[in-house]
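I have placed the structure first, in the form of structure tokens, so that the comments after it can refer back to it.
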Amino acid sequence: MGEMNIEFNVNGKQVRVSAEPNKTLLYVLRGNLGLTGTKDGCSSGDCGACVVMLDGRPVNSCMVLGPQVEGSSVVTIEGLASNGELHPLQRTFGETWAFQCGFCTPGMLVSCYALLELNDHPSREEILTAIAGNFCRCTGYQAVIKAVEQAAAELRAAKGGAGND
Amino acid sequence: MHQASMSIPEYTAPATLDDALGIKKERGAEARVIAGGTDLILRMRDKVFSPSVLIDLRRLSLDGIALSDNELRLGAFVSLSQVLESADIERLFPALPAGCREFAGPPIRNRGTLGGNIVNASPAADLVPPLIAYDASIVLSSSDGERVLQLMAFFVGPGQSVMEPDEILTEIRLPLMPASSAATFIKLGQRRSMAISQVNLTTRLSVDESSMVSEARIVLGSVAPVPMRAVAAEEFLLGKELSEKLLNRAAKKARDEVTPISDVRASLSYRLEMVEVLVRRALLATWDELRGSAPDG
């Protein structure tokens with residue numbers, strides 16, 4: 001089969017790409033759209049380096065075929081910052097040294113972002129569950145947990161400040 | 001690196017189930033259904049499957065969860081995450097979300113489906129023991145109609161089932177359990193996440209008004225070519241009053257019934273040992289649960 005047209009939303013922008021159906025979402029993001037922040041680690045759904053948000057949920061983009069995302073919304077690591085400001089998680093990952101080589105970081109950040117979208121006061125256990133599909137092979141997970149806790153506290157403070165309690 | 005090795009000559013996302021079944025009728029085993037794809041994509045890369053056409057059923061809304069007076073119906077495309085988010089399933093069939101909780105990690109659970117876990121017919125499938133313990137039946141649809149069969153009767157061997165080339169698994173049905181019934185899921189893997197089971201199992205016990213065992217299910221995965229019930233151990237429990245000694249003996253019987261192999265994940269002798277330990281542990285937890293819930297019943 002030749003190429004198929006796939007239309008979907010990436011980081012708030014509607015895009016249309018042409019790709020063979022055996023190309024994964026990961027390949028389409030990196031190859032067709034030049035969004036190389038998302039990494040190709042194991043290509044088998046084990047390591048989590050390729051995690052992106054698909055219709056509001058974190059998924060392994062190496063385990064999704066391009067045509068499966070027709071009409072869907074995708075958020076990649078490139079979509080976490082807004083108006084030139086890093087997402088609090090991206091900042092706290094830096095502040096707590098939650099990465100070393102950085103290869104797992106885009107997927108790790110997207111998994112943590114997905115968690116904080118649903119829950120801005122996660123327990124340590126909930127953080128560990130959220131990153132259970134993301135392998136880090138250098139820094140370890142303690143600093144990641146700290147970064148998520150710190151970002152969650154900032155998000156709560158920002159919300160509290162905006163409210164009138 | 002893996003990208004180029006998978007071949008998908010044709011891809012289609014039909015608008016109706018009839019259209020999908022028509023393609024299956026015409027193309028048979030050459031046509032494969034893709035749901036979450038988390039296992040299928042790996043198998044296509046490894047050339048275990050080389051379908052000439054892939055049928056994507058995402059437009060058919062096969063992801064419903066519907067509770068009625070006598071059963072719960074789950075569309076084959078219900079994801080593991082959907083199972084975890086359903087209050088009805090947690091209340092009525094808690095061993096099923098227990099199986100989902102230790103399944104891979106969140107990104108895989110967001111894509112992987114109940115139907116996929118069944119159709120793969122892996123002896124290690126984590127969701128099959130809880131489904132069988134709850135007496136699940138499944139609906140296989142084809143353009144000639146549909147047939148309903150017990151999930152237990154679906155499996156033939158590793159990766160093999162009784163599904164015909166023109167059939168699609170569309171629904172899973174769970175009958176509501178009696179009031180005094182409880183179930184326990186246990187998975188043994190090398191880690192709590194992202195691990196294929198060395199042994200997985202679900203036990204379920206029901207008791208009658210005089211506290212005698214009226215139903216017993218001991219369903220094991222990864223210890224035989226297909227998911228299996230330890231039938232002799234189940235029968236041994238029927239009509240008896242629960243005690244620690246009784247459950248110990250049932251666990252020993254279960255050990256005698258399984259036929260595991262040695263593989264990269266665990267040796268035969270380790271699996272045998274673990275079957276006895278884990279069946280005992282699961283039965284004791286199930287008994288505990290029954291006693292805990294008795295005053296409400």
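All values reported here derive from a predicted model rather than from experimental measurement. All chains are named by letter (A, B, ...) in the order of the sequence lines, taking the proteins before the strands, and each is independently numbered beginning at 1.
- Atom CZ of B:Arg281 has 12 or fewer neighbouring heavy atoms from other residues, nucleotides or ligands inside a 6.0 Å radius.
- The environment of CG in B:Leu17 is crowded: more than 12 heavy-atom neighbours from other residues, nucleotides or ligands sit within 6.0 Å.
- In this structure, B:Arg101 does not pair ionically with A:Glu125, as no charged nitrogen and carboxylate oxygen lie closer than 4.0 Å.
- The closest side-chain heavy-atom distance from A:Glu20 to B:Ile8 is not below 4.5 Å.
- Contacts from residues 90-100 of chain B to chain A, taken as heavy-atom pairs separated by less than 4.5 Å, involve no residues at all.
- In this structure, the portion of A:Ala130 lying under 4.5 Å from any heavy atom of chain B is its backbone and not its side chain.
- Interatomic distance, A:Cys62 SG to B:Ile41 CD1, rounded to the nearest 0.5 Å: 8.0 Å.
- No side-chain heavy atom of A:Pro21 sits under 4.5 Å from any side-chain heavy atom of B:Leu54.
- Atom OG1 of A:Thr129 and atom CD of B:Glu102 lie 10.5 Å apart (nearest 0.5 Å).
- At a heavy-atom separation below 4.5 angstrom, chain B is approached by A:Asp46, A:Val51, A:Leu54 within residues 46-54 of chain A.
- Using a 4.5 Å heavy-atom threshold, the side chains of B:Asp39 and A:Met63 count as separate.
- For the pair A:Val59 and B:Arg109, the minimum side-chain heavy-atom distance is 4.5 Å or more.
- You'll find the side chain of A:Asn22 stays beyond 4.5 Å of the side chain of B:Tyr11, heavy atoms only.
- Put simply, the side chain of B:Pro107 does not reach to within 4.5 Å of the side chain of A:Arg57, judged on heavy atoms.
- Between the OG atom of A:Ser43 and the CE atom of B:Met6 there is a distance of 9.5 Å, given to the nearest 0.5 Å.
- In A:Glu85, the CD atom is not crowded: 12 or fewer heavy atoms of neighbouring residues, nucleotides or ligands sit closer than 6.0 Å.
- Counting heavy atoms from C-beta on, the side chains of B:Thr38 and A:Asn60 never come closer than 4.5 Å.
- Side-chain contact between A:Val64 and B:Arg111: present, with at least one pair of heavy atoms (C-beta onward) separated by less than 4.5 Å.
- Using a 4.5 Å cut-off between heavy atoms, B:Ala195 does not touch chain A at all.
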